[in-house]
Amino acid sequence: MSCPDCIRGHVHSGTPKGRTETVHGLQAYISEPENTPETEIKGIVVFIPDAFGWEFVNNRLLADRYAETGKFRVYLPDFMHGTAAPVWAIDTMRALMKTESVWDWVSKPYHLTCALYAMPPWLLHNRPSKSYPIVESFFVSLRQSEEGQRHHIGAAGFCWGGKHTVLLAHGASTTVNGTKRRLIDAGFTGHPSLLTLPGDIEKMVIPVSFALGDQDSNLKGEKIELIKKIVEEKEEVGGEVKVYVGAGHGFCVRADFEVKESYRQAAESEEQAIEFFRKRFVKI
């Protein structure tokens, strides 16, 4: 977690349609388009989630929509090895922000204690120096597999996962049948956190589509402009940056669907990712 907004937002309703099984050494949620033969799968997209991890219903429902709309096979692995942030932390953060009554103030020490119980251990277990090798190892195994050799591979990272998507876009590769192949062919990231600027963006050699909110407390306006400038200068790489006016951190995954504008922004960022993967997979 790099800002309080990393654990703020809304839990969505719905029943995920995918299945869970062990894939390349990790438990994973797998979603595939219904009634679509292997020959019509358009590529593989691996979700690298926000702090709430692979079991969070929002992440699974979003994976389902990517799979069905994009005709992708989507993997959402447990990159955190069971140490994802607890979903109740969303209610805790909401309570911490409330100031409408005396009870809101009286209860703040309790909610602060809960937040400190949940989040620092999560960050300790999942700091990028520790988690990125786990993520990279999964992609190595995926690329070396039969399906990874046959299909294009994309990484879709949100918040915490955005950092890992950008790191993969630096050009990590493995050897397949005597030939070096990059682990991913394209990336998408919504409201990434923990980025080191400008270095993380300057090192990208694989196209990444960025969905950024101009009200993101984690990426202030000047940082957004810096990302846009570097991506645009890397025209030969083929990335893009879309800025969502009025959107804050977490809008791709934890938007309030009761608010029309928030729903629209979440839906547009979903379309942005799917269309970017479609275009890049065709071009390669």
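For Lys229 and Glu233, the salt-bridge test passes: some basic side-chain N is under 4.0 Å from an acidic carboxylate O. The pair Asp185-Arg280 does not count as a salt bridge, with every side-chain nitrogen at least 4.0 angstrom from each carboxylate oxygen. We find that Glu202 and Lys234 are not joined by a salt bridge, their nearest charged nitrogen and carboxylate oxygen being 4.0 Å or further apart.
No side-chain donor-acceptor contact under 3.5 Å links Asp78 to the backbone of Trp54. No side-chain donor-acceptor contact under 3.5 Å links Trp160 to the backbone of Phe52. Under the 3.5 Å distance criterion, the side-chain polar atoms of His152 are matched with a main-chain donor or acceptor of Phe281. With hydrogens and angles ignored, the 3.5 Å screen pairs no side-chain donor or acceptor of Asp200 with any backbone N or O of Leu195. A side-chain donor-acceptor contact under 3.5 Å links Thr189 to the backbone of Gly157. The backbone N or O of Gly199 sits nowhere less than 3.5 Å from a side-chain atom of Thr196 that would complete a donor-acceptor pair. For Lys71 (side chain) and Thr36 (main-chain N/O), no donor-acceptor pair under 3.5 Å exists by modelled atom type. The backbone N or O of Tyr66 sits nowhere less than 3.5 Å from a side-chain atom of Thr69 that would complete a donor-acceptor pair. No donor-acceptor distance shorter than 3.5 angstrom exists from the side chain of Asp50 to the backbone of Gly161, with no hydrogens or angles considered. Checked by atom type and distance alone, the side chain of Ser173 never pairs as donor or acceptor with a backbone atom of Arg182 at under 3.5 Å.
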Next on the checklist: Could you walk me through whether Glu146 and Arg150 satisfy the salt bridge (charged side-chain N to carboxylate O under 4.0 Å, His left out) test, starting with their C-alpha distance in whole Å, then the side-chain angles of each, then the deciding distance to 0.1 Å, before giving a yes or no?
Outcome noted: CA-CA 6 Å; Glu146 182 181 345; Arg150 185 169 59 249; 3.4 Å; yes
Checklist entry - Between Ile30 and Thr20, is a side chain to side chain contact (heavy atoms under 4.5 Å, CB included) present by the stated rule, with each step listed? => result CA-CA 6 Å; Ile30 305 169; Thr20 61; over 6 Å; no
Item to check | Stepwise side chain to side chain contact (heavy atoms under 4.5 Å, CB included) check, Met204 with Val208 | outcome: CA-CA 8 Å; Met204 293 192 316; Val208 174; 3.8 Å; yes
Next on the checklist: Using salt bridge (charged side-chain N to carboxylate O under 4.0 Å, His left out), reason through Lys220 and Asp214 one step at a time and then give a plain yes or no.
Outcome noted: CA-CA 7 Å; Lys220 301 293 186 181; Asp214 73 342; over 6 Å; no
Checklist entry - Which is it for Val253 and Phe56 under the side chain to side chain contact (heavy atoms under 4.5 Å, CB included) test, yes or no, and what are the steps along the way? => result CA-CA 10 Å; Val253 178; Phe56 186 36; 4.3 Å; yes
Checklist entry - side chain to side chain contact (heavy atoms under 4.5 Å, CB included) between Glu147 and Leu142: does it pass, once the steps are laid out? => result CA-CA 7 Å; Glu147 64 170 344; Leu142 176 59; 3.6 Å; yes
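Counting heavy atoms from C-beta on, the side chains of Val205 and His170 never come closer than 4.5 Å. Lys130 has its side chain within reach of His125: a pair of non-hydrogen atoms, C-beta onward, lies under 4.5 Å apart. For the pair Leu197 and Leu219, the minimum side-chain heavy-atom distance is below 4.5 Å. Using a 4.5 Å cut-off on side-chain heavy atoms (C-beta onward), Pro192 and Lys163 make no contact.
Pairs passing the salt bridge (charged side-chain N to carboxylate O under 4.0 Å, His left out) check and including a residue from residues 16-29, sequence neighbours excluded, read Arg19-Glu21, Arg19-Glu32.
Donor-acceptor pairing under 3.5 Å is recorded for the side chains of His249 and Asp216. Using modelled atom types and a 3.5 Å distance limit, the side chains of Tyr29 and Asp64 yield a donor-acceptor pair. Of the N and O atoms on the side chains of Gln144 and Thr174, at least one donor lies less than 3.5 Å from an acceptor on the other residue. A donor and an acceptor atom, one from each side chain of His151 and Glu38, are located under 3.5 Å apart.
Partners of Glu222 by salt bridge (Lys or Arg N to Asp or Glu O under 4.0 Å), not counting sequence neighbours: none found. Glu261 meets the salt bridge (Lys or Arg N to Asp or Glu O under 4.0 Å) test with Arg264; sequence neighbours excluded. Glu271 pairs by the side chain to side chain contact (heavy atoms under 4.5 Å, CB included) definition with nothing, not counting sequence neighbours. Residues satisfying the salt bridge (Lys or Arg N to Asp or Glu O under 4.0 Å) test with Arg60, not counting sequence neighbours, are none. Shown here are the side chain to side chain contact (heavy atoms under 4.5 Å, CB included) partners of Ala211, two or more places apart in sequence or in another chain: Phe188, Tyr244, Phe251, Cys252, Ser269, Gln272.
Closest heavy-atom contact between Asp256 and Ser262: O-CB, 3.4 Å. Residues Phe138 and Val23 come closest through the heavy atom pair CE1-O, 3.3 Å. Ser145 and His24 get closest at one heavy-atom pair: CB-CE1, 3.7 Å.
In this structure, Phe257 places its CZ atom where more than 12 heavy-atom neighbours from other residues, nucleotides or ligands lie under 6.0 Å away.
In this structure, Tyr75 is a member of the same hydrophobic cluster as Leu168, with clusters built from ILVMFWY side-chain heavy atoms closer than 4.5 Å.
Taking CG of Leu183 as the start and CD of Glu136 as the end, the distance is 6.0 Å to the nearest 0.5 Å. Annotation: the span from Ile201 atom CD1 to Lys203 atom NZ amounts to 11.0 Å, rounded to 0.5 Å. Within the model, atoms CG of Leu62 and CG of Leu76 stand 9.5 Å from one another, a figure rounded to the nearest 0.5 Å.
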